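Everything quoted here is computed from the prediction, not taken from an experiment. Counting convention: from 1, in listed order, for ligands and their atoms alike.
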Amino acid sequence: MSKTIFVLNGPNLNLLGTREPEIYGSDTLDDIAGMLEDRARLLGLEVDLRQSNHEGHLVDWLHEAQATGAKAVLLNAGAFTHTSIALYDAITAIHTPVIEVHLSNPHAREAFRHISYVGMAAKGTIAGFGAGSYLLALEAANRL
Ligand code: DQA
């Protein structure tokens with residue numbers, strides 16, 4: 001098994017830094033990638049971080065995680081979290097552990113964010129700690 005952790009990000013997360021900073025913080029996705037790479041190096045892991053606004057890309061990358069023997073996937077599916085049976089099916093179709101990640105705490109927000117198809121299939125969920133959610137999820141992936 002490889003030491004690679006896929007970090008997959010869904011729609012609108014390319015706008016981190018300027019998108020509703022009062023909810024999502026001021027770190028950009030590049031800032032988060034840098035933090036993850038620093039921590040991964042200390043843990044002897046490698047990070048492959050990607051972002052897409054297209055649901056099918058996330059499905060393809062989940063398949064790729066399994067095909068390439070990735071150790072785990074950290075998945076922040078953005079709003080697809082709450083809508084995507086395709087992501088639910090992709091997570092259940094692969095053996096690679098998937099950890100659901102959110103910057104905000106969806107359960108403390110609008111009712112439509114309280115359902116998570118990703119969370120129904122994921123190994124576990126880390127949410128509500130801003131950019132720190134990704135670092136905590138990396139630690140969790142390392143312990144698997
Ligand atoms: C999010 C939470 C989702 O409800 C929202 O649609 C996002 C970001 C988060 O990281 O807090 O796009 O996944």
Side-chain angles (χ1 to χ4, degrees), residues 3-43 45-68 70-144:
K3 296 274 187 190
T4 302
I5 309 289
F6 277 36
V7 183
L8 305 182
N9 295 277
N12 303 305
L13 293 167
N14 53 312
L15 299 180
L16 281 182
T18 56
R19 176 192 180 198
E20 299 181 275
E22 65 286 359
I23 296 175
Y24 298 116
S26 53
D27 290 315
T28 66
L29 201 53
D30 279 348
D31 294 334
I32 291 172
M35 289 177 213
L36 283 170
E37 278 157 17
D38 289 348
R39 186 68 61 88
R41 203 170 304 118
L42 294 174
L43 296 170
L45 298 171
E46 282 169 21
V47 163
D48 184 340
L49 184 143
R50 307 176 189 186
Q51 187 276 333
S52 177
N53 294 322
H54 305 277
E55 187 176 11
H57 290 163
L58 297 170
V59 171
D60 289 343
W61 291 340
L62 285 163
H63 298 174
E64 186 184 330
Q66 159 139 303
T68 59
K71 181 175 167 63
V73 176
L74 314 188
L75 175 60
N76 184 350
F80 291 145
T81 302
H82 317 298
T83 61
S84 179
I85 297 169
L87 285 177
Y88 173 95
D89 281 349
I91 295 165
T92 53
I94 64 173
H95 299 295
T96 313
V98 175
I99 300 173
E100 179 186 23
V101 179
H102 298 287
L103 295 132
S104 66
N105 176 1
H107 293 288
R109 300 180 62 195
E110 302 95 326
F112 63 80
R113 297 185 203 276
H114 296 177
I115 286 194
S116 171
Y117 291 100
V118 168
M120 288 178 208
K123 177 97 182 149
T125 299
I126 297 178
F129 300 99
S133 291
Y134 286 83
L135 293 173
L136 291 166
L138 186 66
E139 298 283 350
N142 185 47
R143 287 163 182 257
L144 290 171

- Query: Can you check side-chain hydrogen bond (donor to acceptor under 3.5 Å, both in side chains) on Glu55 and Asn53, steps first, answer last?
  - Reply: CA-CA 7 Å; Glu55 187 176 11; Asn53 294 322; over 6 Å; no
- Query: Is Tyr134 close to Asn76 at the side-chain level, that is, under 4.5 Å between some pair of heavy atoms?
  - Reply: yes
What residue and atom, counting heavy atoms only, is the protein's closest point to [atom], and at what distance?
atom: atom 3 (C) of ligand 1; result: His82 NE2, 3.5 Å
atom: atom 1 (C) of ligand 1; result: His102 ND1, 3.6 Å
atom: atom 9 (C) of ligand 1; result: Leu103 N, 3.4 Å
atom: atom 5 (C) of ligand 1; result: Arg113 NH1, 3.3 Å

- Atoms in ligand 1 with a heavy atom of Ala79 nearer than 4.0 Å: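 Near Ala79, meaning under 4.0 Å from one of its heavy atoms, ligand 1 has 6 (O), 12 (O).
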- In ligand 1, the atoms that come under 4.0 Å of a heavy atom of Tyr24 are 5 (C), 7 (C), 8 (C), 9 (C), 11 (O)
Compile the donor-acceptor pairs under 3.5 Å between side chains in residues 136-144 and protein atoms, sequence neighbours left out, one pair per line.
{"from": "Glu139", "atom 1": "OE2", "to": "Arg39", "atom 2": "NH1", "distance (Å)": "2.9"}

- Query: Does His54 have any ring-ring contact (aromatic ring centres under 6.0 Å, His included) partners at least two apart in sequence or in another chain, and if so, which?
  - Reply: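 Only His57 meet the ring-ring contact (aromatic ring centres under 6.0 Å, His included) criterion with His54.
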- Hey, does Val101 come in under 3.5 Å of ligand 1, counting only N/O atoms on both sides? no
- Message: Looking only at distances, can you tell me whether any N or O atom of Thr81, backbone or side chain, sits closer than 3.5 Å to an N or O atom of ligand 1?
- Response: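 Such a contact does not occur with ligand 1.
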- Task: Could you name the option among Ser104, Gly10, Pro11 that has the heavy atom nearest to atom 11 (O) of ligand 1?
- Result: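 When every heavy atom of Ser104, Gly10, Pro11 is considered, Ser104 comes closest to atom 11 (O) of ligand 1.
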Supply the atom-to-atom distance [X] [atom1] to [Y] [atom2], rounded to the nearest 0.5 angstrom.
X: Glu46; Y: Thr4; atom1: CD; atom2: OG1; answer: 5.0 Å
X: Glu100; Y: Ile126; atom1: CD; atom2: CD1; answer: 10.0 Å
X: Leu135; Y: Phe129; atom1: CG; atom2: CZ; answer: 12.0 Å

- Item | Parallel, tilted or perpendicular, as decided by the 30° and 60° cut-offs, for the rings of His82 and Phe112 | perpendicular
- Has Glu20 got any heavy atom lying under 4.0 angstrom from an atom of ligand 1? no
- Query: Is ligand 1 less than 4.0 angstrom away from at least one heavy atom of Asn12?
  - Reply: no
- Tell me which part of Arg19 gets within contact of ligand 1: side chain, backbone, both or neither, using heavy atoms under 4.0 Å.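 Only the side chain of Arg19 comes within reach of ligand 1.
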